[in-house]
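Please read the structure below before turning to the comments.
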Protein chains: 2
Amino acid sequence: MNVRVYQGLGLDEYVGVLRKAVREHKLVLIMASCSVDYEGRGASTLGEGERVIIIKRDWAFLIHRPDGYSPVNWQPQSSIIDFEVHGGLLIIRAVRKKPREIVTVRASDISLVVVADMSDTAEFIEYVSEHEIRDLIARNPSILGEDLKITNIEKPVEPGFVDLYGIDNRNRIVVIELKRVTATKDAVSQLHRYVIAVRKSLGRQDVRGILVAPSITRSALEYLERLGLEYKQLNLKQLRRMLEEEKKKSDRKPGASLLEFLKRE
Amino acid sequence: MNVRVYQGLGLDEYVGVLRKAVREHKLVLIMASCSVDYEGRGASTLGEGERVIIIKRDWAFLIHRPDGYSPVNWQPQSSIIDFEVHGGLLIIRAVRKKPREIVTVRASDISLVVVADMSDTAEFIEYVSEHEIRDLIARNPSILGEDLKITNIEKPVEPGFVDLYGIDNRNRIVVIELKRVTATKDAVSQLHRYVIAVRKSLGRQDVRGILVAPSITRSALEYLERLGLEYKQLNLKQLRRMLEEEKKKSDRKPGASLLEFLKRE
DNA sequence: GGCTAAATCTCGTGC
DNA sequence: GCACGAGGTTTAGCC
């Protein structure tokens, strides 16, 4: 990694360094005392204070206060970034086209500028996503504690997509909405929409709606029962164990899924 | 701002610097080549690559790749952070108690460490939030183009909260759900829940549900009409003008709102 | 601590 | 380009 650190430069020198760095899509860090205005979908102002400003290679733009997870102001990638000196201040403007939004930084005191050439090509692999859980249940519907046959994954309806769709042992259609976190009334509404849509499109009333989640809020459960829908609890720990089991098995016979195997390499 | 820059130190020296900085709640920046594992609500792994790591005063923990708005891994404030050297690598662990989550960084090449004393006490002021729009409509219900009387803001029902609640000129109860962005089917469901709840609790059917938003998706509009609910378009530009007008007025007679006046000073 | 809903949400995916 | 839904969403507000 090629890293250059600048301190104690004049404003005009800083502007030169920053313009060049951004033009060349380097990663830029600025520590400065500044004030910030934002106007776009919303609007905000922030008085003078010391912050970290990050400009990424793709011109994503982040302003972080010394505390907290989230940036206080920002602009997502491919905004346009420019610098100028005005009234003894360094003005940084980050402009987004659509929606039209502008973040304006007025920096009075620049303590540090870092310009870095960074290389990061690694793949980011996530496990235990709703995706993975959904497919696991599709392969092993008995997880839900009854005799179901899953016929569709992400079946389109209305518009919208039913996570899992199948038939129970009494030939009733089953619509399943899956959540990997506590289910709220929003999730119940979502399931309800799908059930209504399926009933309407099939012209039959014996369509069950099942909300599958590790937990559910009290009022969501009441709401769900009032709508004649069902809730089934998910055991996440058990699911994880099953996922690991499956992974081990496919490791033993990698021919079964070459792509999976390659990914793991 | 007191800023210290470290480069070219040995691993043990870096650990010493980092431990001290974190213990003293300084802001810490690290540029390094590293791999990252996460395990908690979800799980992920990320191979070797060059990244920026930020540890904030409150021990919020961020790992940023060279591109994109969002951190690839993170830990919110008040996680526990510790450093150690193991097998020629700098290991950073950020642990969150509830939910139990761990981020583990294995850094092989440290290009830069910055430790800074930052001070930022400025107030962050947001405009044009749903909050503000809601209160403006409550004061001027004629914005909605009919003769309404708003009686409640954030009226609790069911549980849940109705943004605006009032009576129309034919004595019908009006339930208003407000969105400052394009309304989706989720918003329609939300409004529907409230209308059902109010009808039930009052034991009367003449309860109108109005979704107020700058725009609405096609399918959300269909869904809304099928449910017998109404949509009213918001003119955000007009609202902003009105908000500015009101602000000017209150500037002219600051006695009216001393607190507001003080805030503006 | 649980629940509810907003957010300049962002981001991916599908049409 | 819009719409829809997930997210380790986070954050704020209220009970």
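None of the values given here were measured: they were computed from a predicted structure. We name chains A, B, ... by the order of the sequence lines, and we start the count at 1 in each one.
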Does a sphere of radius 6.0 Å around CZ in Arg139(B) hold more than 12 heavy atoms from other residues, nucleotides or ligands, not counting ones at 6.0 Å or beyond?
->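 Yes, because the 6.0 Å sphere around CZ of Arg139(B) holds more than 12 heavy atoms from other groups.
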Verify the neighbour count for atom NE2 of His131(A): are there more than 12 heavy atoms of other residues, nucleotides or ligands below 6.0 Å?
->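 No - once you tally the heavy atoms of other residues, nucleotides and ligands closer than 6.0 Å, there are 12 at most.
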Taking the six-membered ring where the residue is Trp, are the ring centres of His64(A) and Trp74(A) under 6.0 Å apart?
->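 No, ring centres 6.0 Å or more apart.
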Under 5.5 Å and under 30°: Tyr38(A) stacked on dT8(C) |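 Aromatic stack with dT8(C) present for Tyr38(A).
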Leu62(B) CG - dG8(D) P separation (whole Å) |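 Taking atom P of dG8(D) as the reference, CG of Leu62(B) is at 15 Å.
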How many Å lie between CD on Glu222(B) and P on dC4(D), as a whole number?
->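 Rounding to the nearest Å, CD of Glu222(B) and P of dC4(D) are 10 Å apart.
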5' priority, DNA chain C, between Ile216(A) and Phe124(B) [closest heavy atom] |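 Nearest-nucleotide comparison on DNA chain C picks Ile216(A).
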Closest nucleotide of DNA chain C for Leu178(B) versus for Gln77(A): which of these residues is on the 5' side?
->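 Nearest nucleotide further toward 5': that of Leu178(B).
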For [N], does OP1 or OP2 lie under 4.0 Å from any side-chain N or O of [X]?
X         : N       : value
Arg41(A)  : dT10(C) : yes
Lys185(A) : dC3(C)  : no
Arg218(A) : dC15(D) : no
Arg193(A) : dG5(D)  : yes
Ser70(B)  : dC11(C) : yes
Tyr194(A) : dG5(D)  : yes
Trp74(A)  : dC9(C)  : no
Thr217(B) : dC4(D)  : yes

Report the residue (Glu130(A) or Ala183(B)) whose heavy-atom-nearest nucleotide on DNA chain D is the more 5′ of the two.
->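 Whichever sits nearer the 5' end wins; that is Ala183(B).
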Using distance alone, with no hydrogens and no angle criterion, decide if Glu101(A) and Tyr38(A) have a side-chain donor and acceptor under 3.5 Å apart.
->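 The criterion, which ignores hydrogens and geometry beyond distance, is satisfied for Tyr38(A) and Glu101(A).
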Distance-only polar pair, side chains of Gln77(B) and Tyr69(A), donor-acceptor under 3.5 Å =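 No, no side-chain donor-acceptor contact under 3.5 Å.
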Donor-acceptor pair under 3.5 Å, Gln75(B) side chain vs dG8(D) base |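 Donor-acceptor pair under 3.5 Å: yes.
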Indicate, with a heavy-atom threshold strictly under 4.0 Å, whether [X] touches base, sugar-phosphate, or nothing.
X         : value
Asp186(B) : nothing
Glu177(A) : sugar-phosphate
Gly160(B) : sugar-phosphate
Val128(A) : nothing

How many angstroms lie between atom CZ of Arg51(A) and atom SG of Cys34(A), to the nearest 0.5 angstrom?
->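 Nearest 0.5 Å value for the CZ-SG distance: 5.0 Å.
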Per Gln190(A) side chain, nearest of listed nucleotides dT8(C), dG8(D), dA6(D) =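 That would be dA6(D).
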Taking the side chain of Arg180(B) as its heavy atoms from C-beta onward, which of dA7(C), dC11(C), dG8(D) lies nearest to it?
->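 Nucleotide nearest to Arg180(B)'s side chain: dA7(C).
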Say you pick atom C1' in dA7(C) and the same atom in dA6(D); how far apart are they, in whole Å?
->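 After rounding to an integer number of Å, I get 15 Å for this pair.
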Please measure how far the C1' atom in dA6(C) lies from the corresponding atom in dG7(D), and state the result in whole Å.
->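 That atom pair is separated by 15 Å.
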Residues touching DNA chain C, which here means a heavy atom under 4.0 Å, drawn from residues 92-102 of chain B =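 Within this stretch, Lys98(B) sit under 4.0 Å of the strand.
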With Lys155(B) as the cation and Tyr165(B) as the aromatic partner, state whether NZ or CZ is under 6.0 Å from the six-membered ring centre and within 45° of the axis.
->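 Flagged: Lys155(B) positioned over aromatic ring of Tyr165(B).
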Take Lys232(B) and Glu230(B) through the test salt bridge (charged side-chain N to carboxylate O under 4.0 Å, His left out) and record every step on the way to the result.
-> CA-CA 7 Å; Lys232(B) 275 196 201 289; Glu230(B) 302 164 52; 5.0 Å; no
